[in-house]
K.L.:
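To start, I am sharing the structure in question, which I have written as structure tokens.
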Amino acid sequence: MRQPATRSTSWLVSLAGASGVLLGAFGAHALRGHLDASAMGWWQTAVQYQLWHALALALAVHTGRGRAQRWAVLAFAIGIVLFSGSLYAMALGAPRWFGAITPLGGLGFVVGWVALAIALGRPVDGA
């Protein structure tokens, strides 16, 4: 039987999803006309990846317990911060070298998906 998520992981999922929605709205309304097309593209990509991986994070939180599940949660959270965070920063004017951080976040996403596959393939609570 699946165990409920911890309070901290529940808040992590909520923060990832809610901030993705808020940042998407901020970009669509407050930043439109203030950023060039390239920067808006970075912002939109960051929002899309953040929201998709917030959903993946929610799934990972609910796969049960175990090392693979913990790796998936950690990797998705790190991926959101590094990948989306670096794109948000560049869109707002951070130096272009921030782009070197983005692939590290992408690697976090890949590790998260692999760990999630492993976690989903394992029995939960002795089932």
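Atoms considered below: every heavy atom in the structure, side chains included; atoms not considered: hydrogens, waters and symmetry mates.
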K.L.:
Taking W43 for the side chain and L23 for the main chain, is one N or O donor matched with an acceptor at less than 3.5 Å?
P.N.:
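The answer is yes, because a donor-acceptor pair under 3.5 Å joins these two groups.
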
K.L.:
Any chain of hydrophobic side-chain contacts (each under 4.5 Å) joining M40 to M90?
P.N.:
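No.
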
K.L.:
Output all residues satisfying side chain to side chain contact (heavy atoms under 4.5 Å, CB included) with A46, sequence neighbours left out; order by chain, then residue number.
P.N.:
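Applying side chain to side chain contact (heavy atoms under 4.5 Å, CB included) to A46 gives S84, L87, Y88.
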
K.L.:
Counting distance only, does the side-chain N/O of Q69 pair as donor-acceptor with the main-chain N or O of L116 below 3.5 Å?
P.N.:
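No, Q69 side chain to L116 backbone: no donor-acceptor pair under 3.5 Å.
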
K.L.:
Report yes or no: do L82 and V47 belong to one cluster of Ile/Leu/Val/Met/Phe/Trp/Tyr joined by side chain heavy-atom distances under 4.5 Å?
P.N.:
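In one cluster: no.
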
K.L.:
Does I78 share a hydrophobic cluster with F83, counting links as ILVMFWY side-chain heavy atoms below 4.5 Å and allowing steps through other members?
P.N.:
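Both belong to a single hydrophobic cluster.
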
K.L.:
Could you tell me which residues satisfy side-chain hydrogen bond (donor to acceptor under 3.5 Å, both in side chains) with T6, sequence neighbours excluded, listed by chain and number?
P.N.:
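Result, side-chain hydrogen bond (donor to acceptor under 3.5 Å, both in side chains) vs T6: S8, T9.
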
K.L.:
Do I80 and I101 land in one hydrophobic cluster if side-chain heavy atoms of ILVMFWY residues count as linked below 4.5 Å?
P.N.:
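Yes, one cluster joins them.
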
K.L.:
Give every donor-acceptor pair under 3.5 Å between a side-chain atom in residues 102-110 and any protein atom, sequence neighbours left out.
P.N.:
from	atom 1	to	atom 2	distance (Å)
T102	OG1	S86	OG	2.6

K.L.:
Please round to the nearest 0.5 Å and tell me the distance separating atom CG of L55 and atom CZ of F76.
P.N.:
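Those atoms lie 10.5 Å apart.
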
K.L.:
Can you list the residues that meet the side chain to side chain contact (heavy atoms under 4.5 Å, CB included) rule with S38, with sequence neighbours excluded?
P.N.:
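Per chain and number, S38 pairs via side chain to side chain contact (heavy atoms under 4.5 Å, CB included) with D36, W42.
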
K.L.:
To the nearest 0.5 Å, what is the distance between OG1 on T45 and CD on Q50?
P.N.:
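If I round to the nearest 0.5 Å, the distance is 12.5 Å.
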
K.L.:
Considering non-hydrogen atoms only, spot the tightest contact between V13 and A54 and give its length.
P.N.:
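Heavy atoms only, the tightest pair is CG1-O, 4.3 Å.
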
K.L.:
Who pairs with A94 by side chain to side chain contact (heavy atoms under 4.5 Å, CB included), at least two apart in sequence or on another chain?
P.N.:
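Applying side chain to side chain contact (heavy atoms under 4.5 Å, CB included) to A94 gives A89, F98.
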
K.L.:
Taking only residues two or more places apart in sequence or in another chain, which ones pass side chain to side chain contact (heavy atoms under 4.5 Å, CB included) with A68?
P.N.:
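Only I118, A119, R122 meet the side chain to side chain contact (heavy atoms under 4.5 Å, CB included) criterion with A68.
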
